Amino acid sequence: MKDDSESLFGELFDTPRRAVVPVLVPMPAPTAYSYAVPDGLTIEPGAIVQVPLGPRQVIGVVWDGGEDTSVDPKKLREITKVFDCPPLDQDMRTFLDWVAAYTLSPPGYVARMALRAPAALDPDPMIEGLRYAGYEPERLTPARQKVLEIAADGLSWTKSGLAHASGVSTSVIDGLVKQGVFEQVFLPPPPLVAAPDPDYAESRLAGPQKEAAEEILQSLSKGGFHVSLIDGVTGSGKTEVYFEAIAETLKQGKQVLILLPEIALTANFLERFQDRFGSKPGEWHSDLATRTREKVWRQVATGEIRVVAGARSALFLPFENLGLIIVDEEHDPAFKQEDRVFYNARDMAVVRARIAGFPVVLVSATPSVESQVNCIAGRYTRIHLPTRFADAAMPDLHLIDMRRAPPERGGFLSPILLRSVGKAVERGEQALLFLNRRGYAPLTLCRVCGHRFQCPQCSSWLVEHRFRGQIQCHQCGYHEPTPNACPECGTLDHLVACGPGVERIAEEVEKHFPDARTLVLSSDIGGVKRLRLELEAIANGEADIVIGTQLVAKGHNFPLMTLVGIIDADIGLSNGDPRAAERTFQLLSQVTGRAGRTGRKSLGLLQTFQPQHPVMQAIISGDAAAFYEREILERERAQLPPFGRLVSIIVSADSRAEAEGHARGLRQAAPHESGIMILGPAEAPLALIRGRHRFRLLVHGRRNSDMQAFVRSMLERGPKERRSIQVQVDVDPQSFL
DNA sequence: AGCACGCCGACT
DNA sequence: GTCGGCGTGCTC
């Protein structure tokens with residue numbers, strides 16, 4: 001610490017210049033800020049520091065590069081402190097720089113993602129322990145005798161632990177400490193999770209699984225960067241295969257990261273891991289308790305935690321010696337972050353591995369189109385698992401053409417589907433009816449004047465939720481109690497619900513099967529706890545007919561389910577999203593995969609108005625390869641990813657017309673061949689900013705450098721204009737290697 | 001991102 | 001007379 005007179009002295013006279021280092025601070029500045037290094041301190045790049053920034057103290061990280069001479073030396077402030085934790089290594093810094101450049105995000109924001117556990121930056125306080133020092137006490141009482149017997153092993157004990165084990169009070173120990181019989185030692189805090197044992201359980205792979213595992217192990221043994229894609233249907237043993245890759249990496253003494261979509265980070269997954277490795281992996285996700293989060297961060301940094309299973313943000317943990325990343329459910333859109341720094345953790349995982357020179361394994365039953373393309377192009381190695389484990393057969397899948405087998409008036413379930421549900425229930429088996437639409441009805445209108453209930457904030461339809469007695473906007477969260485009079489013409493009781501949601505399907509099911517036990521699973525009914533209980537009840541056979549939204553598609557297995565009915569398989573095929581077909585294919589594959597894991601004969605029925613649609617044909621034929629091939633050609637024709645690069649810019653605007661004006665401006669500003677397509681507000685993942693809508697403009701071009709230059713020019717407009725346009729960049733990466 | 005400063009409308 | 005809304009600008 002310098003006192004005032006000394007710094008005054010420093011300004012008046014020409015003292016040796018202080019060392020200055022660049023520091024990334026959690027702020028959207030385009031470059032690092034410069035800070036003075038306090039006298040007598042040496043600071044290396046990667047060091048995590050606390051620095052003054054305006055009126056507050058923030059956490060930053062010392063970056064690479066020389067001194068920035070453009071900054072006025074009088075403005076320089078000193079680093080407040082250096083945290084006692086491992087610095088971010090060169091690979092990590094290269095990675096963070098790369099991500100910032102690629103996603104066009106301020107580097108300080110990207111760095112902040114790696115520093116998400118502030119209090120973890122100082123080491124956990126040591127635990128005080130006692131160790132037998134080898135002396136006899138002056139007077140050996142029976143109580144002291146007992147303590148010495150226990151402590152004679154020379155291991156360290158906590159005071160209370162030793163007292164408890166010896167069956168004496170702590171004051172006995174105090175007496176012994178006073179006499180110097182015990183010496184005080186400081187122990188590091190116990191690890192959060194035990195080290196996984198690669199040989200804990202014998203791998204019990206056979207057939208194609210064994211071959212796949214061997215193929216992966218072979219590429220692992222070659223060392224260096226390499227990407228594999230394990231592609232196999234639900235139940236084909238993908239997890240068991242990549243567990244072998246994890247075991248091998250652990251044997252090499254390196255750490256492993258398993259990335260999972262948040263929703264798949266279940267107790268079930270952790271238990272499977274434990275069955276194989278004898279202990280659970282470290283967990284990392286958004287609702288980790290602060291304290292736990294800090295411990296995990298630190299123990300990952302020091303290398304104590306060997307395996308982390310985490311959501312996308314785990315990719316930015318500062319591993320001490322990372323040697324493998326697994327990305328399970330590789331296709332899942334949850335890997336894409338769409339605020340602040342826009343990134344896809346799957347792609348950035350590949351980048352991190354390339355920089356540090358280790359392998360990545362992508363895993364999915366329904367790989368993303370871009371990963372398929374990367375396999376075809378030879379950048380990734382595809383490992384295909386064609387069959388299910390053991391005797392679990394795939395369900396028999398059929399389309400129900402709704403034009404030929406329409407439901408009865410006022411209903412939504414085809415007689416064919418109803419008959420099958422009836423049979424399943426009679427046999428004492430379970431049926432799952434899937435409809436990806438929450439609530440009772442997606443649209444309500446007045447039969448008298450035709451008024452449609454619309455969200456006053458964002459103009460999408462208000463969805464009726466009978467269970468809650470509300471009409472809700474699924475876009476911005478607006479809701480009001482369900483009215484019984486039309487706000488337009490005032491007529492009472494002439495409001496009519498249009499179209500089905502899961503609640504309405506439940507109503508129809510209960511009418512047809514009054515004696516069956518029916519259960520609705522929807523994300524808006526009850527919390528996580530209730531959901532977990534309900535899933536357990538279903539697994540125990542406590543329901544006959546389950547009606548669910550998207551959340552039944554993920555992760556959970558229903559061993560008694562022998563019938564899956566999909567109510568409106570066409571939902572999502574025509575919403576303007578360039579990934580509509582891909583997403584629908586993935587969703588339908590997942591849902592139909594919920595059936596038929598028991599070895600019993602099982603059935604999947606898909607109600608559709610477009611039985612000839614390529615997605616429907618691909619689902620029933622099981623010919624995923626043909627579907628992907630077609631999808632790739634379609635995108636090539638539209639110049640969409642994976643062949644071009646897609647950047648979407650979110651603009652705030654009062655109306656679609658204003659958004660179109662911005663789009664015209666962009667089109668003129670774009671110096672290269674590009675297309676601009678407006679999605680929104682109904683389609684964009686929007687939130688309302690002060691009464692303005694957010695529109696997403698999809699801009700696509702073939703050349704990475706053009707896109708980057710274009711987006712930079714957008715971002716470099718003056719602060720005034722930037723505020724009115726509110727540009728946010730969303731990079732959907734393709735040729736990122 | 002935070003945070004302060006500064007400028008105009010409704011209130012103890 | 002002040003409190004507090006948010007528009008604007010700055011942080012090494």
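Quick note on labels: first sequence line is chain A, next is B, and so on, each numbered from 1. In what follows, every heavy atom counts, from backbone to side chain, and hydrogens, waters and symmetry copies are set aside. Please read all numbers here as calculations on a predicted model, not as lab measurements.
With sequence neighbours excluded, no residue satisfies side-chain contact (heavy atoms from CB on, under 4.5 Å) with A/Pro30. For the ring-ring contact (aromatic ring centres under 6.0 Å, His included) test, residues two or more places apart in sequence or in another chain that qualify with A/Phe453 are A/His451. For the side-chain hydrogen bond (donor to acceptor under 3.5 Å, both in side chains) test, residues two or more places apart in sequence or in another chain that qualify with A/Ser364 are A/His331. Residues satisfying the salt bridge (charged side-chain N to carboxylate O under 4.0 Å, His left out) test with A/Glu330, not counting sequence neighbours, are A/Arg346. Taking the side-chain contact (heavy atoms from CB on, under 4.5 Å) definition, one finds that A/Pro45 meets it with A/Asp64, A/Arg93, sequence neighbours left out.
Within 4.0 Å (heavy atoms only), A/Pro28 reaches at least one base atom of the nucleic acid. Nucleic acid contact class of A/Pro52 (heavy atoms, under 4.0 Å, all strands): sugar-phosphate only.
At a non-hydrogen distance threshold of 4.0 Å, nothing from residues 30-37 of chain A comes into contact with DNA chain B.
Note: CD (A/Glu78) to C1' (C/dC12) measures 13 Å, nearest angstrom. We find that CG of A/Leu76 is positioned 12 Å from P of C/dT11, with the value rounded to whole Å. Summarising the geometry, the separation between CG on A/Asp72 and P on C/dC10 is reported as 15 Å, rounded to the nearest angstrom. In this structure, CH2 of A/Trp63 is placed 17 Å from C1' of C/dC12, rounded to the nearest angstrom. Put simply, CZ on A/Arg77 is 12 Å from C1' on C/dC10, counting in whole angstrom units. The distance from atom CG of A/Leu53 to atom P of B/dA1 is 14 Å, rounded to the nearest whole Å. To the nearest angstrom, P of C/dT11 lies 19 Å from CD1 of A/Ile79. Spacing between atom OH of A/Tyr109 and atom C1' of C/dT11 amounts to 13 Å, rounded to whole angstrom units.
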Kindly indicate, with the supporting measurements, whether the criterion side-chain contact (heavy atoms from CB on, under 4.5 Å) is fulfilled by A/Arg438 and A/Gln472. CA-CA 10 Å; A/Arg438 288 152 49 208; A/Gln472 295 179 8; 3.9 Å; yes
